[in-house]
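Here the structure comes first, spelled out in structure tokens, and everything after it is commentary.
One is the number of the first residue; the rest follow in order along the sequence. Heavy-atom basis, side chains included; hydrogens, waters and symmetry copies ignored.
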Amino acid sequence: MIKRLLWLALLPMSAQAADDFARQWPLQLSQPDAGAYRATLDAPVYAAAYWRDLRDVRVLDADGKPVASAVYAAATPLSGPQRTVELQWFALPVAATTADDDLSVVVQRDTAGKLLSIRNSVAAGGTAGAADPVWLVDLGDDAGKLRALHIDWADRDATLDLGYRLEGSDDLRGWQVLDPQARLVQLNNQGRVLRNNTIKVETDLRYLRLVPLQRSGAPALRGLRGELVDAVDSGDWQWLELTAQPGGNAKDGYLYRLQGRVPVQRLDVRMPANSAVSWSVSSRDLDRPGADGNNPDWQLLTRDWNTWSLSEASAQQRSAPLETTGTITDRQWRLQAEPGSIPAEAPLLRLGYRPGSVVFLAQGRAPYLLVAGSANVTNTQAALDPMLAALRARNGAQWQPAIATPGAGAVRAGDVAYQPAKAPRNWKNGVLWAVLVLGALAVAGFAFSLLRSSRVEKKQP
């Protein structure tokens with residue numbers, strides 16, 4: 001008995017995986033023998049997914065077994081041709097950057113944020129012995145496209161070895177250090193020239209400034225040129241339209257509810273004709289408790305978002321969509337009208353996204369099913385990246401797996417798949433305690449038997 005109980009205690013616990021995906025879609029393969037396939041994730045798949053990272057989006061074979069698969073975000077738009085432009089820049093004294101690091105008090109901007117002038121600006125090159133100035137750059141609509149700064153000196157034969165700290169900002173108040181020490185070198189020796197007048201840049205911030213690390217020594221500046229690369233929009237944007245929930249107002253905010261974890265990257269509104277409103281936009285994750293442990297915290301995405309709609313003759317003109325900073329997968333959104341803006345009614349909120357995809361291998365038997373929606377899956381994805389990288393290196397950077405097209409969706413397990421499974425009862429501890437109790441009883445019984453036999457022996461003559 002004891003050996004049997006010990007064997008039961010050490011036996012690994014196992015359970016059959018239940019059919020716990022909420023929905024399913026049949027996959028139509030474009031090529032029957034491609035080996036690797038890619039299926040685009042449309043809005044119903046995102047709506048069915050339970051996890052933010054889409055770990056519960058899988059592919060099953062005809063026997064219901066999972067095949068090797070991995071979910072990928074939308075591909076980055078291709079880069080367009082490189083171009084070089086003259087940048088708008090200003091020179092100002094170093095002292096102007098030390099007053100609480102706030103340049104907004106000394107600059108003049110238009111309503112779009114374009115720099116017009118600086119009240120205490122200095123000459124571009126300064127005078128002999130004067131302190132080197134700070135160079136302030138306004139990228140304007142080219143923010144996020146800059147790849148390098150090229151410095152053009154007025155004296156191309158000057159000998160110099162200078163250091164600058166590259167900083168960036170979106171509002172001229174808070175500044176981020178992008179490069180703590182960029183070196184600019186220009187040396188001449190017997191007709192040979194060593195020149196490094198380029199600073200690599202990777203940022204989406206609109207305003208840049210170059211702060212000298214030395215007090216003086218920089219020659220006059222002739223100009224700053226920017227090396228820009230435009231992204232080519234692939235045009236595969238999809239849009240979801242949300243109506244405001246009842247009870248909202250312009251001051252406290254109109255609330256919108258999004259089904260699923262859609263990777264939002266653009267915002268737009270639809271308002272009545274001939275209207276203009278400035279909005280603050282916030283979002284939050286309904287599944288994540290806030291600082292008080294209850295209500296989720298709102299995250300401010302942008303303020304002073306100017307939107308308008310104008311009807312001229314038979315043409316309707318609207319403000320352009322707003323690009324978000326990064327990808328947002330929150331499910332609740334809020335629009336609040338800025339002071340002075342009076343919307344006639346709650347606008348229609350439009351959320352734009354570029355759909356991702358799931359890549360899978362043709363393992364097992366066809367046909368295959370795309371499934372989504374489970375609170376009980378583990379975060380495991382097949383390691384397909386090395387294989388895909390090797391195939392793209394061999395077949396070209398634009399190579400993609402064959403297309404698999406999802407068909408009409410159907411309910412699989414339904415809402416029950418979103419309920420976390422109950423923690424399995426730990427029978428092992430109970431079995432071990434039972435073994436110990438039985439062992440103790442066996443030892444006590446053995447001792448009692450020995451004691452009894454010794455008493456019998458003593459009574460015998």
Side-chain angles (χ1 to χ4, degrees), residues 22-23 40-54 56-57 71-77 144 204 231 233-250 252-272 275-288 296-309 316-338 341 343-358 372-373 406 409:
R23 295 188 63 81
T40 300
L41 306 180
D42 55 13
V45 178
Y46 283 106
Y50 178 84
W51 295 95
R52 184 186 290 266
D53 58 5
L54 304 183
D56 54 328
V57 175
V71 175
Y72 293 93
T76 303
D204 293 330
D233 197 334
S234 58
D236 58 349
W237 288 92
Q238 296 188 18
W239 292 87
L240 297 176
E241 296 185 345
L242 307 180
T243 56
Q245 296 178 347
N249 57 68
D252 298 329
Y254 299 112
L255 299 182
Y256 302 82
R257 179 68 179 268
L258 176 62
Q259 296 295 326
R261 299 292 191 179
V262 177
V264 177
Q265 291 178 300
R266 285 184 178 179
L267 306 177
D268 197 8
V269 291
R270 285 290 183 265
M271 300 188 300
S275 58
V277 181
S278 183
W279 301 99
S280 288
V281 184
S282 304
S283 69
R284 65 181 181 182
D285 186 358
L286 293 176
D287 299 330
R288 182 177 301 171
D297 296 326
W298 287 102
Q299 176 187 3
L300 179 64
L301 304 178
T302 186
R303 56 164 43 98
D304 296 328
W305 175 32
N306 298 311
T307 63
W308 52 269
S309 176
Q316 185 77 18
Q317 301 186 54
R318 297 184 178 92
S319 53
L322 176 69
E323 300 280 348
T324 64
T325 302
T327 300
I328 303 169
T329 57
D330 293 340
R331 294 193 293 176
Q332 191 170 36
W333 297 73
R334 182 177 66 185
L335 291 179
Q336 292 175 290
E338 293 290 338
S341 297
E345 58 187 35
L348 188 71
L349 177 62
R350 304 179 71 239
L351 304 178
Y353 71 100
R354 301 177 66 245
S357 60
V358 57

Separation between [atom1] of [X] and [atom2] of [Y], rounded to the nearest 0.5 Å:
{"X": "R334", "Y": "L255", "atom1": "CZ", "atom2": "CG", "result": "7.5 Å"}
{"X": "Y72", "Y": "S357", "atom1": "OH", "atom2": "OG", "result": "8.5 Å"}
{"X": "L267", "Y": "I328", "atom1": "CG", "atom2": "CD1", "result": "6.5 Å"}
{"X": "S283", "Y": "L301", "atom1": "OG", "atom2": "CG", "result": "4.0 Å"}
{"X": "L335", "Y": "Y254", "atom1": "CG", "atom2": "OH", "result": "9.5 Å"}

Self-check item: Donor-acceptor contact present, side-chain D56 to main-chain G373, <3.5 Å
Solution: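 Flag set: sc D56 to bb G373 pair under 3.5 Å.
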Self-check item: Main-chain N/O of W308 paired to S319 side chain as donor or acceptor, under 3.5 Å
Solution: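 Yes, because the side chain of S319 sits within donor-acceptor range (under 3.5 Å) of the backbone of W308.
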Quiz item: Should R261 and D285 count as an ion pair when the cut-off is N to O under 4.0 Å?
Solution: yes
Quiz item: Looking at R266 and D268, does any basic side-chain N land under 4.0 Å from a carboxylate oxygen?
Solution: no
Kindly indicate whether the side chain of [X], heavy atoms from C-beta on, has any atom under 4.5 Å from the side chain of [Y].
{"X": "M271", "Y": "P347", "result": "yes"}
{"X": "W237", "Y": "P321", "result": "no"}
{"X": "L348", "Y": "V269", "result": "no"}
{"X": "L351", "Y": "V262", "result": "no"}

Partner residues of [X] under the side chain to side chain donor-acceptor pair (under 3.5 Å) criterion, sequence neighbours left out:
{"X": "T327", "result": "Q265"}
{"X": "T324", "result": "none"}
{"X": "R23", "result": "none"}
{"X": "Q332", "result": "R284"}

Side chain to side chain contact (heavy atoms under 4.5 Å, CB included) against [X], all qualifying residues, sequence neighbours excluded:
{"X": "Q316", "result": "A273, S309, S311, R318"}
{"X": "T325", "result": "none"}
{"X": "S278", "result": "D304, N306, E338, S341"}
{"X": "D42", "result": "P44, V45"}

Exercise. Return yes if a side-chain donor-acceptor contact under 3.5 Å exists between T307 and W279, otherwise no.
Key: yes
Distance-only donor-acceptor hits, side chain of residues 238-246, under 3.5 Å, sequence neighbours excluded:
unit_1: Q238; atom_1: OE1; unit_2: Y353; atom_2: OH; d: 2.9
unit_1: E241; atom_1: OE2; unit_2: R350; atom_2: NE; d: 3.3

Exercise. Kindly write out the residues that satisfy salt bridge (Lys or Arg N to Asp or Glu O under 4.0 Å) with E345, not counting sequence neighbours, or none if the list is empty.
Key: none
Quiz item: How close do V281 and L300 get, heavy atom to heavy atom, and via which atoms?
Solution: O-CD1, 3.5 Å
Quiz item: Looking at S280 and R303, what are the two nearest heavy atoms and their distance?
Solution: OG-CB, 3.4 Å
Quiz item: Should Y46 and T329 be marked as a side-chain contact (heavy atoms from CB on, under 4.5 Å) after you check the CA-CA gap, both sets of side-chain angles, and the distance that decides it?
Solution: CA-CA 10 Å; Y46 283 106; T329 57; over 6 Å; no
Practice problem: Taking atom CZ of R257 as the centre, report whether more than 12 heavy atoms of other residues, nucleotides or ligands fall under 6.0 Å from it. | Solution: yes
Quiz item: Can you name the residues that form a ring pair (Phe, Tyr, Trp, His ring centres under 6.0 Å) with Y256, not counting sequence neighbours?
Solution: none
